[in-house]
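Order of listing sets the numbers, starting from 1, for every ligand and every atom in it. All figures in this text were calculated on a predicted structure; none of them were measured in a lab.
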Amino acid sequence: MKTGHRCWVEVSRSRIVANFRALVEVVGKGVEVVPVVKADAYRHGAVEVSRAALNAGARWVAVSSVDEGVALRAGGIGAQILVMADFLPVSRQALLDYRLTPVLHSLDDIRELHRLASARNTLTGYHLKIDSGMGRLGTRASASEIAQAIGTSKSARLEGLMTHFASAADYDSGQTEEQTACFDALRAEIAALGIHPRYMHAASTIAIAYGRRETWYNMVRPGHAIYGYVSPLRSGASDRLIDVRPALAWKAALIAVKDVPAGAKIGYGAIFVAPRAMRIGIVGAGYADGVPHRLGNRGKLIAGGRPAPILGAVSMDVTTVDLSQAMHLVPGDTVTILGTEGDTSQDAQQLAKTAATISYSLLCGISARVTRVYVD
Ligand SMILES: *Cc1c(COP(=O)(O)O)cnc(C)c1O
């Protein structure tokens with residue numbers, strides 16, 4: 001039986017659990033921590049991550065699409081699943097079939113959910129998203145219009161009121177305060193009209209990690225932090241409250257190792273020419289695996305515990321590195337794309353920066369071709 005792989009990620013379940021617990025600890029009792037496992041848990045594997053978090057006490061998980069929710073049900077996840085961005089006509093029946101909780105974004109959505117649920121003689125819960133100023137998903141209707149839609153949609157039950165922030169990492173901007181004030185005003189008006197949803201939520205990783213406590217209400221929606229990442233602030237300053245660590249290491253095998261003379265052209269377009277005799281390694285991971293094409297001639301992998309600069313263009317299936325600092329490596333040996341080897345480490349934040357992208361995009365870009373291995 002074959003057990004090795006050409007390119008794989010190792011995901012630590014205990015690290016996921018530790019990160020989840022760090023979040024629970026910081027928000028305290030009475031605040032539900034909902035791990036966001038959309039995009040296959042930022043490629044960490046939604047079923048495994050959900051399982052780990054639910055075993056550690058989570059009661060909800062959040063995904064983006066109905067397909068993602070259905071995949072969790074198929075994987076045996078019985079917990080409450082919030083579907084944050086998919087109340088499309090093609091998806092609505094499946095929401096009910098699979099007991100998924102939709103986030104609704106308009107008053108028409110509320111009336112439609114009521115119609116679907118009453119046709120089945122059931123009562124279906126939903127969360128209503130408020131556009132408090134991000135200008136993306138969410139209703140901009142007034143409290144009285146919302147109350148009216150709710151009042152005439154008895155088979156749809158409002159379980160949560162939520163919003164999402166556009167600039168939580170910008171401490172020089174007042175946008176988060178403005179959005180919070182807008183959300184709070186609407187909450188108060190809705191309460192005055194006798195509507196009291198069980199959950200209120202707004203915060204994702206940044207608003208939790210940097211202590212925007214007034215946005216935590218009784219539910220928070222961290223994704224990035226579950227996987228061990230908190231992006232740096234974009235402006236201003238605030239103390240970081242949580243210590244989380246990456247749960248994923250990304251590795252690949254050396255397919256070939258060889259010595260090339262000074263002047264040798266390396267890879268597509270010959271964008272690298274060896275300035276001296278070099279030992280090079282051809283690594284079995286390319287842009288089809290998620291290594292950003294932008295890393296051509298930029299950045300490094302880790303080989304033999306040392307930085308191994310990327311040479312030439314990243315191609316679809318392979319990436320060439322300089323092994324001059326790791327002369328003992330042979331074909332079949334492992335190099336690290338993300339993770340730690342000896343004293344050298346590289347995380348998604350660092351590699352993303354070199355590739356002029358963001359850590360979220362780098363993680364989500366790890367492709368389905370990359371085998372996932374779970375470790376404790
Ligand atoms: C993706 C997402 C989150 C999680 O964001 P992180 O920054 O990864 O914590 C929370 N809420 C909504 C609506 C999202 O789309």
Next on the checklist: Testing the 3.5 Å rule here: is there a donor-acceptor pair between the side chains of Asp184 and Tyr217?
Outcome noted: yes
Next on the checklist: Is it the case that ligand 1 has an N or O less than 3.5 angstrom from some N or O of Thr205?
Outcome noted: yes
Next on the checklist: Going by side chain to side chain contact (heavy atoms under 4.5 Å, CB included), name the residues that satisfy it together with Ala185, two or more places apart in sequence or in a different chain.
Outcome noted: Glu189
Next on the checklist: Students should be able to answer this: which protein heavy-atom is nearest to atom 12 (C) of ligand 1, and at what distance?
Outcome noted: His164 CE1, 3.4 Å
Checklist entry - Among protein heavy atoms, which sits nearest to atom 8 (O) of ligand 1, and what does the distance come to when rounded to 0.1 Å? => result Tyr42 OH, 2.5 Å
Checklist entry - Quick one: does Ile366's side chain get under 4.5 Å of Leu248's, heavy atoms only? => result yes
Next on the checklist: As a check for students: among Arg221, Met162, His224, identify the option with a heavy atom nearest to atom 4 (C) of ligand 1.
Outcome noted: Arg221
Checklist entry - Purely on distance, is any nitrogen or oxygen of Pro222 under 3.5 Å from one on ligand 1? => result no
Next on the checklist: Ring-plane angle category for Tyr42 and Tyr360, please: parallel below 30°, perpendicular beyond 60°, tilted otherwise.
Outcome noted: tilted
Next on the checklist: Under a 3.5 Å threshold, yes or no: a donor from one side chain and an acceptor from the other, between Arg212 and Thr180?
Outcome noted: no
Checklist entry - Which heavy atom of the protein is the closest neighbour of atom 5 (O) of ligand 1, given with residue, atom name and distance? => result Ser204 CB, 3.4 Å
Checklist entry - So, Asp289 side chain and Val291 main chain: donor-acceptor pair closer than 3.5 Å or not? => result no
Next on the checklist: Ignoring hydrogens and geometry beyond distance, is a side-chain donor-acceptor pair present between Ser65 and Asp67 at under 3.5 Å?
Outcome noted: no
Item to check | Shortest protein heavy-atom distance from atom 15 (O) of ligand 1, along with the residue and atom involved | outcome: Lys38 NZ, 2.6 Å
Checklist outcome for this item: Note: ligand 1 atoms sitting under 4.0 Å from heavy atoms of Tyr360 are 6 (P), 7 (O), 8 (O)
Item to check | Numbered atoms of ligand 1 (with element) below 4.0 Å of Lys129, judged on heavy atoms | outcome: 13 (C)
